[in-house]
Protein chains: 2
Amino acid sequence: MVARPDRKPDVFGAISHPSRRRMLDLLAGADHSVNAMAGHFKMSRPAVSQHLRVLLDAGLVTEQRHGRERRYHFVPKRLGPVRDWISQYERFWDDRLSRLQMLLSKRNKG
Amino acid sequence: MVARPDRKPDVFGAISHPSRRRMLDLLAGADHSVNAMAGHFKMSRPAVSQHLRVLLDAGLVTEQRHGRERRYHFVPKRLGPVRDWISQYERFWDDRLSRLQMLLSKRNKG
DNA sequence: AATATACGTAAGGGAATGCTTACGCGTCAA
DNA sequence: TTGACGCGTAAGCATTCCCTTACGTATATT
């Protein structure tokens, strides 16, 4: 028996929805409970919960129980695949400076 | 009457599908006709055509007629929103070098 | 002119997405 | 214990996505 066979680590899919990107933006500033997060959106609280689930499945956030709250925490490292994919095109934007950027990126990794 | 009222410039949505990201990767190397592109995928030619349409609507590619062919051409600049959004998190990966990267990014734009 | 090629698009269907309301369960408060 | 709170999940529904096959159109070939 596997822990969670139905989890989808699709980071690109997870960030494809504007609301989920905004949630990550908010979480980048501070951890949020579901209710705190829902305060920033017009959709229902369960809808927010479902979006957070997508982010959780993608590994972009973690959850931590605090009493009856669940605080969601941003995991920026999981954006790595997006960064890697996009940085492959740096040379297209500016050949003059982008090589330095790419060098920095490489050193950033190693 | 508007030219194309139903076009969706949703770049994040456009790159959310693995096949479309691979198409951009291929187009980054060289322009491709639809048939040339379809040669790299298992799906039908119309399916490829439809994916290219999504990329076209997002502005990520342009098409150029050459006889009965249509050559698709990569427009890297349109990845800007993705790059901008992701680069906002650079500081999370490495505070030491990322500030320089962000500086370079700013100068890259202006 | 007749045929082949390259491609877009319509039509259809199965699956996924994104929302809602209803409900159940654990936790804090009185 | 009783009730309010915070939250996840089930169920239902409309919409979108992604693929297929069938067909139409413009261009090239013979």
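Naming: A, B, ... by sequence-line order, numbering from 1 per chain. From a predicted model like this one, the values you see are computed outputs, not experimental measurements.
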Report task. Please test B:Tyr72 against B:Leu55 for side-chain contact (heavy atoms from CB on, under 4.5 Å), starting from the C-alpha separation and ending with a verdict. Result -> CA-CA 10 Å; B:Tyr72 285 84; B:Leu55 294 174; over 6 Å; no
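- Distance, B:Gln64 CD to C:dA6 C1': 16 Å, rounded to whole Å.
- Looking at heavy-atom distances under 4.0 Å, B:Arg65 makes no contact with the nucleic acid at all.
- A pairwise comparison of heavy atoms in B:Leu27 and B:Val61 identifies CD1-CG1, 3.6 Å as the closest pair.
- Contact between the side-chain N/O atoms of B:Tyr72 and the OP1/OP2 oxygens of C:dA6 is not found at any separation under 4.0 Å.
- Rounded to an integer number of Å, the gap from CG of A:Asp57 to P of C:dG18 is 13 Å.
- Across residues 29-39 of chain B, not one residue has a non-hydrogen atom less than 4.0 Å from an atom of DNA chain D.
- Atom NZ of B:Lys42 and atom C1' of D:dC18 are 17 Å apart (whole Å).
- Here the two rings, on A:His73 and A:His32, have centers that are 6.0 Å apart or farther.
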Sort me out a list of protein N/O and nucleotides 21-28 of chain C N/O pairs below 3.5 Å, or just none if empty.
none

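- Between B:His51 and the phosphate of D:dC19, there is a side-chain N or O to OP1/OP2 separation shorter than 4.0 Å.
- Contact record, A:Met43 with A:Ser19: CE-OG, 3.5 Å, taken as the closest heavy-atom pair.
- The CD1-P distance, from A:Ile15 to C:dG18, rounds to 13 Å in whole Å.
- Atom pair A:Leu52:CG and C:dC19:P shows a separation of 12 Å (rounding to whole Å applied).
- Summarising the geometry, the separation between CE on A:Met43 and C1' on C:dG18 is reported as 9 Å, rounded to the nearest angstrom.
- Summarising the geometry, the separation between CG on B:Leu55 and C1' on C:dC7 is reported as 16 Å, rounded to the nearest angstrom.
- Counting heavy-atom neighbours within 6.0 Å of A:Arg78 CZ, excluding the residue itself, gives a total of 12 or less.
- Aromatic ring centres of B:Phe12 and A:Phe12 lie farther apart than the 6.0 Å criterion allows.
- A close approach under 4.0 Å does not occur between any side-chain nitrogen or oxygen of A:Arg53 and OP1 or OP2 of D:dG8.
- Between A:Met23 atom CE and C:dG18 atom P the separation is 11 Å, expressed in whole Å.
- Salt-bridge annotation for B:Asp57 and B:Arg53: present, with a side-chain N of the basic residue lying under 4.0 Å from a carboxylate O of the acidic one.
- Remark: A:Arg22 qualifies as a cation-pi partner of A:Phe41 under the 6.0 Å distance and 45° angle criteria applied to the six-membered ring.
- Applying the 4.0 Å criterion to OP1 and OP2 of D:dG6, one finds that A:Arg71 has every side-chain N and O outside that range.
- For the atom pair CG (A:Leu79) and CD (B:Gln88), the distance works out to 9.5 Å, reported to the nearest 0.5 Å.
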